[in-house]
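Notes follow the structure.
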Protein chains: 2
Amino acid sequence: MSIDNTALLTDQYELTMVSAALRHPVAHRPCVFEVFARRLPDGRRYGVVAGTGRVLDELTGFRFGDDELAVVRRFLDDDTVDWLREYRFSGDIDGYREGELYFPGSPILTVRASFAEGVLLETLILSILNHDSAIASAAARMVSAAGSRPIIEMGSRRTHERAAVAGARAAYIAGVAATSNLEAARTYGVPSAGTAAHAFTLGFTGPDGPDEKAAFAAQIEALGVGTTLLVDTYDITQGVRNAIEVAGPGLGAVRIDSGDLGVLARKVREQLDDLGATGTKIVVSGDLDEYAIASLRAEPVDTYGVGTSLVTGSGAPTAGMIYKLVEVDGIPVAKRASHKESKGGAKAAARSARPTGTIVEEVVYRATDQVPAADGLTLRPLQIPLVRGGDAVDSLPTLAEGRAHLADALVTLPWEGLGLSHGDPAVPTRYVLG
Amino acid sequence: MSIDNTALLTDQYELTMVSAALRHPVAHRPCVFEVFARRLPDGRRYGVVAGTGRVLDELTGFRFGDDELAVVRRFLDDDTVDWLREYRFSGDIDGYREGELYFPGSPILTVRASFAEGVLLETLILSILNHDSAIASAAARMVSAAGSRPIIEMGSRRTHERAAVAGARAAYIAGVAATSNLEAARTYGVPSAGTAAHAFTLGFTGPDGPDEKAAFAAQIEALGVGTTLLVDTYDITQGVRNAIEVAGPGLGAVRIDSGDLGVLARKVREQLDDLGATGTKIVVSGDLDEYAIASLRAEPVDTYGVGTSLVTGSGAPTAGMIYKLVEVDGIPVAKRASHKESKGGAKAAARSARPTGTIVEEVVYRATDQVPAADGLTLRPLQIPLVRGGDAVDSLPTLAEGRAHLADALVTLPWEGLGLSHGDPAVPTRYVLG
């Protein structure tokens, strides 16, 4: 996927606000904007940051060329149009790395720039972080529930065609083993995988009726006996029999995509073993979410295929992050109206942990302060530099590094934090804003 | 947004299935694939088709160039790669127009092509229709709840940055008046709108504290008194007083983005009227969904700004449509395994209505049959030609026509079908497959 122009992936009011600000010194005052979530989605214990790398990619496409200016000229004055023509983000960005856990109030991204430069990025930054983090947060729960069994992400058809690519990327950070999405394989190098389709088996229907064995034989001819045969188009028991008859006991895997997956997995495992196909794996799919995956823990399942619930955030399709102006010319600022208060002033965060590694608190403190001490606990600062003077810093963490970081971070959660049941955040957020 | 190459917005298995099929006559057998939803999202009374126009746009980008072939070559044989290099959809597509209501089993899209040509499009078609129809279906409920009051869609920041553009388009079909999203304005001509940001008001904070009046004055200077001032950054009553003091009673509108919107709207209306600003409108926003909109019916609200719930489908972020092979060489085919049966054979549909216009049934019949008679009822066929021989037909309905079509169609629902309460589909689907 090419990085297109991203300047119009924003809300009209970001531009009218710039227009109004440009007539005053306000436009050029040094400001700090912060991205954070007031709360986690209902009952969730932790969130997973994803999308930061995409924010940096799309920032480079945030330029107003003639085509973009023609659109904004409909409602903007000439001075603003001229300013936008020269727009290039020149500020600094720090933030949580991809694959980092976050909690309510965590300063996930901090943008330092003039008012006008910073306010323009609100919508684009939030779109990316809210989507990608929602997917990663849901996917991490599924990966935890699956334990050592791999998950294949196969939800592209259940979400917007480009969101699917970003979703596959986010799911990979969260620990999913592979994706069905080929654009994610091309753009981000996510390992791709695939099994077989009901349409393929149905396609071998002739005047005399279905011919499942012909379909299986054709698939093995093209893809080898290591392939995965879909055995539930007609009758599963007959399907398994046909599969092993055609492929022999060396068949790679069978997939079951419907019915009571636990019962079927047991029956199919028994049947495969009886047929001597003791090494043939079982892939299950069909409306799986983290709870269904957990319920299959005791069943002889080898791989999970997960679609809808993964790409839609399993009940929480957006992460609820917001982008707030917190400091102007060094002065802390905050909205005061009901229910939506926020805490002014630029902030940093560190995560405290016991000597065992188990985390204790998310500590949010003033960016100008030292990391607060915590008796007997280690404190790990959470923000890293991402952009300096408008350019991405060298040696940003790779996707694989984010994935490894999350795998390590999940181990540091208090044990109840990994549970699927609803509850409070796994650790509290403590504000040290003195 | 440019129409990029879309060939890799698919699942790996679509290509491996083609690879296996190409070794056999199966690949070239004439097939019929149908898109339909087995059921509506939980409790919904109707669905709204959206995305069909985008499907046709993206079909033209579904070509395998050298870059795409380099990716698929990793897992495909040379013959398949050569076939893909020449791939160009050459079949026919019929379907429901955008803005058409749909119900369980409605044949929303019918693709007639060889097996290999048709199977390749499954993922792309479903991604677009599942996303866009989910948004349109949710938005239509909000538009109904809002009655004659306009809705501004402002959810871009709560969803993937490109999904936001498609979402704005779908919401416009559903009757939303305008979007905040500028890319939707550029690409699809959706009217754009905007109000004001808290950051703008906060940006005027000086060493002596906030200066809401300076912010309001700057906004009016740039955008005129017809603008919308955001009055809830600090204290709403003072904010309204400041707004009228600065703008005079001719102020266009004030926006309230937090708190108990019903109570606040009443208080603000009273205050505005007392200040002589009887023509100043009230825009409310902040976690609105169709239920919250309905609950504000009796309050003096002029415009709704809706974000999160609209772009995430208000609890149903995907429409659950599937793409099934239903006919091969004229032979009906269908999966038989549990819970996921479907009805074989190419189908068409017509909607029956009483002389008053109120609709009665969705009648699904064999595509080769005549429209079934219905005593005393009119029957309107629902599919229109979309693609012939690989090319979009001339004079496809425009976005505005889809929008008008839906407005008319909603009036034909039985009255309980427009209710927000959970229930069965507004009309039943009757299969006449004899």
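Side-chain atoms are counted along with the backbone in the values below, which use heavy atoms only and exclude waters and symmetry mates. Numbers restart at 1 for each chain; the letters A, B, ... are given by sequence-line order, proteins then strands.
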Heavy-atom pair with the smallest gap, counting every atom of B:Leu325 and A:Ala199: CD2-O, 3.3 Å
Interface residue of largest heavy-atom contact number with chain B, from A:Gly315, A:Gly330, A:Gly206, under 4.5 Å: A:Gly206
Derivation of the side-chain contact (heavy atoms from CB on, under 4.5 Å) call for B:Thr318 and A:Thr308: CA-CA 8 Å; B:Thr318 185; A:Thr308 309; 3.7 Å; yes
Structural part of A:Ala164 lying under 4.5 Å from a heavy atom of chain B: neither
Top contributor to chain B interface from A:Glu68, A:His24, A:Arg23 [non-hydrogen pairs under 4.5 Å]: A:Arg23
Winner by heavy-atom pair count (cut-off under 4.5 Å) against chain B, out of A:Val328, A:Thr205, A:Val71: A:Thr205
Considering all heavy atoms, the nearest A:Phe200-B:Phe115 contact: CA-CZ, 3.7 Å
Max heavy-atom pair count under 4.5 Å with chain A, selected residue of B:Ala70, B:Ala20, B:Gly194: B:Ala20
Among B:Ala197, B:Gly155, B:Pro317, residue most engaged with chain A (heavy-atom pairs, under 4.5 Å): B:Ala197
B:Arg157/A:Glu14 ion pair, N-O < 4.0 Å: yes
Distance (rounded to the nearest 0.5 Å) between B:Asp11 CG and A:Thr179 OG1: 7.5 Å
Heavy-atom closest contact (B:Arg29 atom, A:Gly203 atom, distance): NH1-O, 2.8 Å
Top contributor to chain A interface from B:Arg74, B:Met321, B:Glu122, B:Gln219 [non-hydrogen pairs under 4.5 Å]: B:Glu122
No-hydrogen, no-angle side-chain donor-acceptor test under 3.5 Å, B:Ser258 and A:Lys335: yes
Point-to-point distance, once rounded to the nearest 0.5 Å, from OG1 of A:Thr159 to CD1 of B:Ile128: 12.0 Å
Gap separating the OG1 atom of A:Thr123 from the CD atom of B:Glu183, nearest 0.5 angstrom: 13.0 Å
Any side-chain donor near an acceptor of the partner, A:Ser180 and B:Gln12, under 3.5 Å: no
Minimum heavy-atom distance B:Leu8-A:Asn181, with the two atoms named: O-OD1, 4.1 Å
Contact class of A:Asp67 relative to chain B, heavy atoms under 4.5 angstrom: both
Greatest number of heavy atom pairs closer than 4.5 Å to chain B - which of A:Gly118, A:Ala193, A:Ala185, A:Gly51: A:Ala193
Pairwise distance OH(B:Tyr13) to CD1(A:Ile152) - rounded to 0.5 angstrom: 12.0 Å
Spacing of CG belonging to B:Leu223 relative to CG belonging to A:Asp77, to within rounding of 0.5 Å: 8.5 Å
side-chain contact (heavy atoms from CB on, under 4.5 Å) assessment of B:Arg162 paired with A:Asp4: CA-CA 11 Å; B:Arg162 298 280 173 192; A:Asp4 288 313; 3.3 Å; yes
Heavy-atom donor-acceptor pair, B:Ser156 side chain to A:Thr10 backbone, under 3.5 Å: no
Chi angles and distances behind the side-chain contact (heavy atoms from CB on, under 4.5 Å) call for A:Leu182, B:Phe75: CA-CA 11 Å; A:Leu182 291 176; B:Phe75 57 88; 3.7 Å; yes
Residue among B:Asp132, B:Thr80, B:Leu124, B:Thr195 with most heavy-atom pairs under 4.5 Å to chain A: B:Thr195
Contact class of A:Val311 relative to chain B, heavy atoms under 4.5 angstrom: neither
Carboxylate-amine/guanidinium proximity below 4.0 Å for A:Arg54 and B:Glu161: yes
Most contacts with chain A, counted as non-hydrogen pairs under 4.5 angstrom, among B:Met154, B:His131, B:His160: B:His160
Contact winner vs chain A - B:Ser192, B:Gly239, B:Pro207, heavy-atom pairs under 4.5 Å: B:Ser192
From B:Asn130 atom CG to A:Arg158 atom CZ, the distance as rounded to the nearest 0.5 Å: 5.5 Å
Portion of B:Leu15 that has a non-hydrogen atom of chain A nearer than 4.5 angstrom: side chain
